[in-house]
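These notes concern the structure reproduced below.
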Amino acid sequence: MSNYAPEPQIIVLDAGGQYCHLIARKVRELGVYAEVRPSDAPAAELAPRRGVIISGGPMSVYAEGSPTVDPALFDAGVPVLGICYGLQLMAYLLGGRVQRGEKGEYGLAFLDLAKTAPLFEGVALHGRDQVWMSHRDTALAAPPGFEVLGTTETCAIAAMADIRRKLYAVQFHPEVAHTCRGRQILENFVFGVCGCQRDWNPKNRIPLVISRIHDAVGDRNVFFFVSGGVDSTVAFTLCLRALGPERVRGRYVDTGLMREGETDFVRDTFDRLAPGAVLVESAEAQFLGALEGVREPEQKRRIIGEEFVRVQERIIESSHFADGDWILGQGTIYPDTIESGGTKNAALIKTHHNRVEGVQRLIEAGRIVEPLSSFYKDEVREIGEELGLPAELLNRHPFPGPGLAIRCLCAEADEPVRRVAEGWLLPVHSVGVQGDERSYRPVLALGEAPPPDGSLHERATELINRIDGINRVVGLVESRAPLDSLRVWSSALTPERLERLRRADAVVRRLSHDSGFDRTVWQFPVILIPLGTVGQPDSVALRPVDSVDGMTARSVPMEAGLQAAMARALLEIDGVCAVFYDLTHKPPGTIEWE
Ligand code: XMP
């Protein structure tokens, strides 16, 4: 018997940014079904739920067009928890006072809880519990009927409530790991204040997902473009379960921009799942031909996107997948289905998706099935595990669609490295994200390898804040030649350089896997930079990061022995001159360099 809940108990109202998903995921981790809705969802729709959480967001309540909620929500009898922007919005709408802030408060603070309340059950009074703050504006006066429950050194209203009406608000973020009692506070809200029952376990929803696949597909068949990634593989497997091996087909496009062994891995994986159901489309020559001589990152992405469109159109046409008896399957997951307030207007940092016209037509005609569209990434893994997919597949790090092309940096002209006060300026450009805007700037190299205690990472953060005109800092792990003697070489995407990167990536991946380091990071890009000597024209940058969803990330330090082993193995690759370690968090650097 499945015990899936047909309706969510908790609704998280999206006030912009990514916090809403973080909150909904945390509530689901407590075993309670939560979903995200637009912030202005009508109160009548929210009233029957057990509780509502208003998320944080980057705007000011005073800004034109900033997210708001239906004010009737506060009289609907449903418990509400406002977080960060949610607190400010409650103060603003209910008759308190919000003050615009210029500098804001970012990072750790200590919560001084003056009064207890059901939300803070188990949290010590007048304690020094660490909380994480990220806000510009602050509430200066609580609305009538509310009392201030907690403060921090710089924040007069860190927590407030109208306990009788079950309206609560906190300025800090209970959903992030740095808030040490955050989980307890969410638990108190969900169970103590709202009275939710545990009803959520993604594995138990498999029967429901399968019946929905039947409803969507009817007596037609499903085809997928598979990537070898977790989402498309799990979605494919669910369709196999629902419809049987005769009715599910897949294509994998080999762009020639894949990692070493990738195409074989994908072939083996699908041959085991459903022999003959997934075919490999070899398109290396087409992609590499179109990319010849191209150097600019966004142009690379555009070309790769266009070639993908061509191949997919060709496959759809030649295999008659556009006919009425086929529909398209996709591995879309929950966060990708919602156009959130924060991402709707976000400045374009990098182009990620291209919609194939043929695919677009299928979507418009409703001929699409997305079995994972209500799940988060970690839930997709749990479902995959339940379906018996191997851990090796489920624990794969994400890999970008344009593949190695965006990890093989190019340069327009020869240029020497320049000595500056703090280190060496490498005249290659990499993409960053600063103040929500894209930046494209040179890299600063420090002449030493990062120690595992993270101290050089800290220095890097400080340098980026201080020095104008850079967005990334690397440490030198090892080099065959002094940094002063290196040059950036005019270079494009060539088969030779791609092969060099492929080997470097395979070396790092092997050592990272064998040492167990790969389990401590979320993703580990390996970048080839056209920096070196005449004989060894390229260098390698290691970029291990920890992240939740790729939106923000922290550069992860590595033990000295493993760094040295990687550098040794990398310097044995023909044409590799030096090995660097990327010390930059995101922001200000993006995870990938392009
Ligand atoms: P950035 O570099 O923007 O990366 O910090 C965030 C996450 O997105 C992946 N990424 C891409 N994925 N197409 C993709 O499918 C792309 O063009 C692309 N660019 C970056 C990146 O690997 C990281 O996981």
Side-chain angles (χ1 to χ4, degrees), residues 17-18 21 225-233 252-253 255 257-259 262 287 291 294 296-309 312 330-333 335-336 342-343 346-356 359 376-378 380 395-409 428-441 443 464 471-472 474 493 501 505 508-509 512 518 521-529 541-556 582-594:
Q18 287 294 311
H21 284 298
F225 289 109
V226 297
S227 66
V230 179
D231 304 340
S232 60
T233 311
Y252 166 82
V253 178
T255 58
L257 302 167
M258 319 309 293
R259 304 173 129 181
E262 181 66 11
F287 279 87
L291 285 167
V294 177
E296 205 277 320
E298 284 303 287
Q299 206 190 345
K300 284 182 192 172
R301 278 199 173 76
R302 195 170 48 71
I303 291 173
I304 293 166
E306 284 167 6
E307 295 310 316
F308 256 114
V309 170
Q312 294 192 341
Q330 283 196 328
T332 316
I333 63 172
D336 300 338
T343 47
L348 180 70
I349 312 286
K350 294 175 188 183
T351 324
H352 275 215
H353 293 289
N354 276 73
R355 277 283 192 208
V356 180
V359 168
Y376 288 110
K377 192 90 184 179
D378 34 351
V380 171
N395 297 331
R396 306 190 94 195
H397 293 165
F399 187 69
L404 296 180
I406 58 164
R407 294 181 178 174
C408 186
L409 264 64
V428 283
H429 285 64
S430 90
V431 177
V433 46
Q434 290 164 301
D436 285 340
E437 305 262 350
R438 178 189 204 268
S439 64
Y440 192 49
R441 296 184 174 161
V443 178
I464 295 183
N471 57 12
R472 203 177 284 276
V474 295
L493 264 183
L501 172 56
D505 177 69
V508 171
R509 219 157 26 127
S512 175
D518 63 351
V521 295
W522 185 78
Q523 195 180 20
F524 193 165
V526 173
I527 318 289
L528 194 76
I529 18 183
L542 305 173
R543 176 81 172 124
V545 291
D546 193 16
S547 177
V548 172
D549 49 17
M551 295 297 295
T552 60
R554 295 191 67 77
S555 164
V556 179
D582 191 339
L583 305 166
T584 324
H585 305 310
K586 173 185 181 178
T590 49
I591 295 178
E592 308 285 352
W593 280 36
E594 294 203 328

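Read the numbers this way: they start at 1 and go in the same order the structure lists the ligands and their atoms. One is the number of the first residue; the rest follow in order along the sequence. Quick caveat, the model's predicted, so the values are computed rather than measured.
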(message) Tell me if a side-chain donor or acceptor on Arg301 pairs with a main-chain N or O of Glu594 at a distance below 3.5 Å.
(response) yes
(request) Tell me which one of Arg543, Arg301, Lys300 gets a heavy atom nearest to atom 19 (N) of ligand 1. (result) Arg301
(message) Polar contacts were defined as any N/O atom of the residue lying under 3.5 Å from an N/O atom of the ligand; does this apply to Gln523 and ligand 1?
(response) yes
(request) Measure across Val521 and His397 and return the closest heavy-atom pair with its distance rounded to 0.1 Å. (result) O-NE2, 3.3 Å
(message) Using every non-hydrogen atom in the two residues, find where Arg472 and Ser430 come nearest and quote the distance to one decimal.
(response) NE-OG, 2.6 Å
(request) Taking only heavy atoms of Lys586 into account, list the atoms of ligand 1 that are under 4.0 Å away from them. (result) 1 (P), 3 (O), 5 (O), 6 (C)
(request) Would you mind listing which atoms of ligand 1 come within a distance below 4.0 Å of any non-hydrogen atom of Trp522? (result) 24 (O)
(message) To check you understand the geometry: which heavy-atom pair defines the closest contact between Gly228 and Glu262, and what is its length?
(response) CA-OE2, 4.5 Å
(request) May I ask you to check whether Pro402 has an N/O atom sitting below 3.5 Å from an N/O atom of ligand 1? (result) no
(request) Just let me know how Trp593 lines up against ligand 1, side chain, backbone, both or neither, with a heavy-atom cut-off below 4.0 Å. (result) neither
(request) Number the atoms of ligand 1 from 1 as they appear, then name those within less than 4.0 Å of a heavy atom of Gly550, with their elements. (result) 6 (C)
(request) Would you please name every residue forming a salt bridge (charged side-chain N to carboxylate O under 4.0 Å, His left out) with Asp518, sequence neighbours left out? (result) none
(request) Would you check whether Ile591 has a nitrogen or oxygen atom less than 3.5 angstrom from a nitrogen or oxygen atom of ligand 1? (result) yes
(request) Kindly identify the option in Pro400, Ala405, Pro297, Ala553 whose heavy atom sits closest to atom 12 (N) of ligand 1. (result) Pro400
(message) Please report whether ligand 1 has a polar contact with Arg407, defined as an N or O pair separated by less than 3.5 Å (distance criterion only).
(response) no
(message) Can you tell whether the side chains of Arg302 and Glu298 come within less than 4.0 Å, N to carboxylate O?
(response) no
(request) Consider every N or O of Glu594 and every N or O of ligand 1, then say whether any pair is closer than 3.5 Å. (result) no
(message) Does only the side chain of Met551 get under 4.0 Å from ligand 1, or the backbone, or both, or neither? Count heavy atoms.
(response) neither
(request) Might you point out which heavy atoms bring Ile304 and Phe287 nearest each other, and give the distance in Å? (result) O-CE2, 3.6 Å
(request) Mind listing the closest non-hydrogen atom pair of Pro400 and Arg407 along with its distance? (result) CD-NH2, 3.4 Å
